[in-house]
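These values consider heavy atoms only, across backbone and side chains, with no hydrogens, waters or symmetry-generated copies.
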Amino acid sequence: MRQELGSVLFDLDGTLLDTAPDMHAALVTLMAEYDRAPLPFDAVRNHVSHGSQALVALGFPDAEPAFAEHLKARYLEIYARDLCLATALFPGLSELLEACEARGWSLGVVTNKPGWLTDPLLEALGLRSRLAAVVSGDTLPQRKPAPEPMWLAARQTGLAPAQHCYWGDAERDIAAGRAAGMPTLIANWGYIDAQQEPEHWGADGALDHPGDFWAWYRTALRPEAGLAS
């Protein structure tokens, strides 16, 4: 029997925060330094969840490995400088966070973004103090899709893994949550490109809007099974 939820954990880029505008802007700046025409936002948005290496590969598909590493370092330098100019919570998430807090639930983030970017971004948006758990891509030797970051987040909240619901917009998010024994939800508003097949990721559900969570919650956690609605 599934345990009653007491926490919602989020992937960062493409699930909790719309970071694509600032990440795209950094790529445009980098491309301009090498006299390359900028890629349009729509060509970049759905690749953001794959990280800086994937974005650099979009802008510089012909780069040799050593030069690609140099470009990645420069990209991160540019991005860190203007980390939170246009980044914001996705619509509906402010209300969702408040509703979870009103229930006394814990909130947290598990991301593959490195801590030196994650922490200042959460601070800039006034979110860090509201989160009981923050696990970044360099917090542990393992990263998603490994379950260890999820288990660390559970230890930080003091709840069992099964009492957390993990939201993500990438297959590795769902794989990590499942491996950790957490119910998982796909954030359909996230950075999911046409090549991906989220219906095959094995999630417990998918949300078109954060507010849809409560209908899923009432359905998935059946009162007749002894769980609160």
Side-chain angles (χ1 to χ4, degrees), residues 2 5-20 23 45-55 87-94 96-97 100 105-115 117-118 121-122 125 127 131-140 142-154 156-157 159 161-214 216-217 220:
R2 178 168 289 170
L5 293 185
S7 175
V8 177
L9 303 177
F10 303 90
D11 172 53
L12 194 63
D13 300 275
T15 302
L16 183 64
L17 298 181
D18 187 6
T19 56
M23 295 188 76
R45 180 191 187 273
N46 285 344
H47 296 271
V48 166
S49 280
H50 302 304
S52 56
Q53 186 171 350
L55 295 182
T87 290
L89 288 166
F90 280 99
L93 274 166
S94 179
L96 185 283
L97 297 181
C100 288
W105 287 7
S106 297
L107 301 169
V109 162
V110 182
T111 176
N112 279 358
K113 204 181 194 82
L117 295 173
T118 298
L121 184 54
L122 292 173
L125 292 168
L127 294 171
L131 302 176
V134 176
V135 182
S136 299
D138 53 0
T139 303
L140 295 172
Q142 304 87 0
R143 296 166 20 122
K144 297 179 297 182
E148 284 83 359
M150 317 301 294
W151 289 330
L152 176 57
Q156 290 177 355
T157 67
L159 299 172
Q163 292 180 274
H164 301 74
C165 184
Y166 186 60
W167 300 20
D169 69 321
E171 186 172 10
R172 65 176 173 273
D173 299 328
I174 304 307
R178 284 169 53 86
M182 298 178 180
T184 57
L185 293 173
I186 298 170
N188 282 338
W189 55 85
Y191 307 142
I192 303 174
D193 63 52
Q195 306 305 313
Q196 300 181 67
E197 299 180 319
E199 65 274 15
H200 299 308
W201 294 352
D204 292 286
L207 307 176
D208 292 326
H209 183 275
D212 297 340
F213 170 71
W214 300 112
W216 174 86
Y217 172 66

(request) Report yes or no: does Asp13 contribute a side-chain atom to a donor-acceptor pair with the main-chain N or O of Val48 at less than 3.5 Å? (result) no
(message) Tell me if a side-chain donor or acceptor on Tyr166 pairs with a main-chain N or O of Ala176 at a distance below 3.5 Å.
(response) no
(message) side chain to side chain contact (heavy atoms under 4.5 Å, CB included) for Leu89 and Leu127? Distances and angles first, verdict last.
(response) CA-CA 10 Å; Leu89 288 166; Leu127 294 171; 4.1 Å; yes
(request) Specify the closest pair of heavy atoms between Pro183 and Trp216, including all atoms of both residues, with the distance to one decimal. (result) CB-CH2, 4.2 Å
(message) If we ignore hydrogens and angles and just use 3.5 Å, is the side chain of Asp204 paired with the main-chain N or O of Leu185 as donor and acceptor?
(response) no
(message) Ignoring hydrogens, what is the shortest heavy-atom contact between Thr184 and Gly202? Give both atom names and the distance.
(response) OG1-O, 4.4 Å
(message) Taking side chain to side chain contact (heavy atoms under 4.5 Å, CB included) as the definition, give me every residue that meets it alongside Gln156, ordered by chain and number, with sequence neighbours left out.
(response) Ala133, Val135, Leu152
(request) Calculate, to the nearest 0.5 Å, the distance between atoms CD1 and OG belonging to Ile192 and Ser49 respectively. (result) 8.0 Å
(request) List for me each residue that meets side chain to side chain contact (heavy atoms under 4.5 Å, CB included) alongside Thr87, sequence neighbours excluded, and say none if there are none. (result) Leu17, Thr19, Asp22, Cys84, Leu121, Leu125
(message) So, using side chain to side chain contact (heavy atoms under 4.5 Å, CB included) as the criterion, who are the partners of Ala54 when residues are at least two apart?
(response) His50
(message) Tell me which pairs pass salt bridge (charged side-chain N to carboxylate O under 4.0 Å, His left out) where either residue lies in residues 187-203, with sequence neighbours left out.
(response) none
(message) Taking His164's backbone N and O only, do any of them form a donor-acceptor pair with Ser7's side chain (distance below 3.5 Å, no angle check)?
(response) no
(request) List the atom of Leu9, the atom of Ala153, and the distance in Å for their closest heavy-atom pair. (result) CD1-CB, 3.9 Å
(message) If the condition is side chain to side chain contact (heavy atoms under 4.5 Å, CB included), which residues does Ala180 pass it with, not counting sequence neighbours?
(response) Pro147, Met150, Trp151, Met182
(request) Apply ring-ring contact (aromatic ring centres under 6.0 Å, His included) to Phe10 and list each qualifying residue two or more places apart in sequence or on a separate chain. (result) Trp167
(request) Can you see which heavy atom on Ala187 is nearest to which on Gly14, and at what distance? (result) CB-O, 4.4 Å
(request) Could you tell me which residues satisfy side-chain hydrogen bond (donor to acceptor under 3.5 Å, both in side chains) with Asn188, sequence neighbours excluded, listed by chain and number? (result) Asp208
(request) For Asp212, enumerate each residue passing the side-chain hydrogen bond (donor to acceptor under 3.5 Å, both in side chains) test, keeping only those at least two apart in sequence or located in another chain. (result) none
(message) Restricting to ring-ring contact (aromatic ring centres under 6.0 Å, His included), what partner residues turn up for Trp105, sequence neighbours left out?
(response) Trp214, Tyr217
(message) Going by side-chain hydrogen bond (donor to acceptor under 3.5 Å, both in side chains), name the residues that satisfy it together with Asp18, two or more places apart in sequence or in a different chain.
(response) Tyr191
(message) To check you understand the geometry: which heavy-atom pair defines the closest contact between Ala175 and Pro145, and what is its length?
(response) CB-CB, 3.9 Å
(request) Can you see which heavy atom on Ser106 is nearest to which on Leu159, and at what distance? (result) OG-CD1, 4.5 Å
(request) First locate atom CD of Gln196, then atom CH2 of Trp201, and finally report the distance between them rounded to the nearest 0.5 Å. (result) 4.5 Å
(message) Is it the case that the side chain of Arg45 and the backbone of Gly190 share a donor-acceptor pair, with hydrogens and angles ignored and the cut-off at 3.5 Å?
(response) yes
(request) Check side-chain hydrogen bond (donor to acceptor under 3.5 Å, both in side chains) between Thr15 and all other residues, then give those that pass, not counting sequence neighbours. (result) Asp11, Asp169
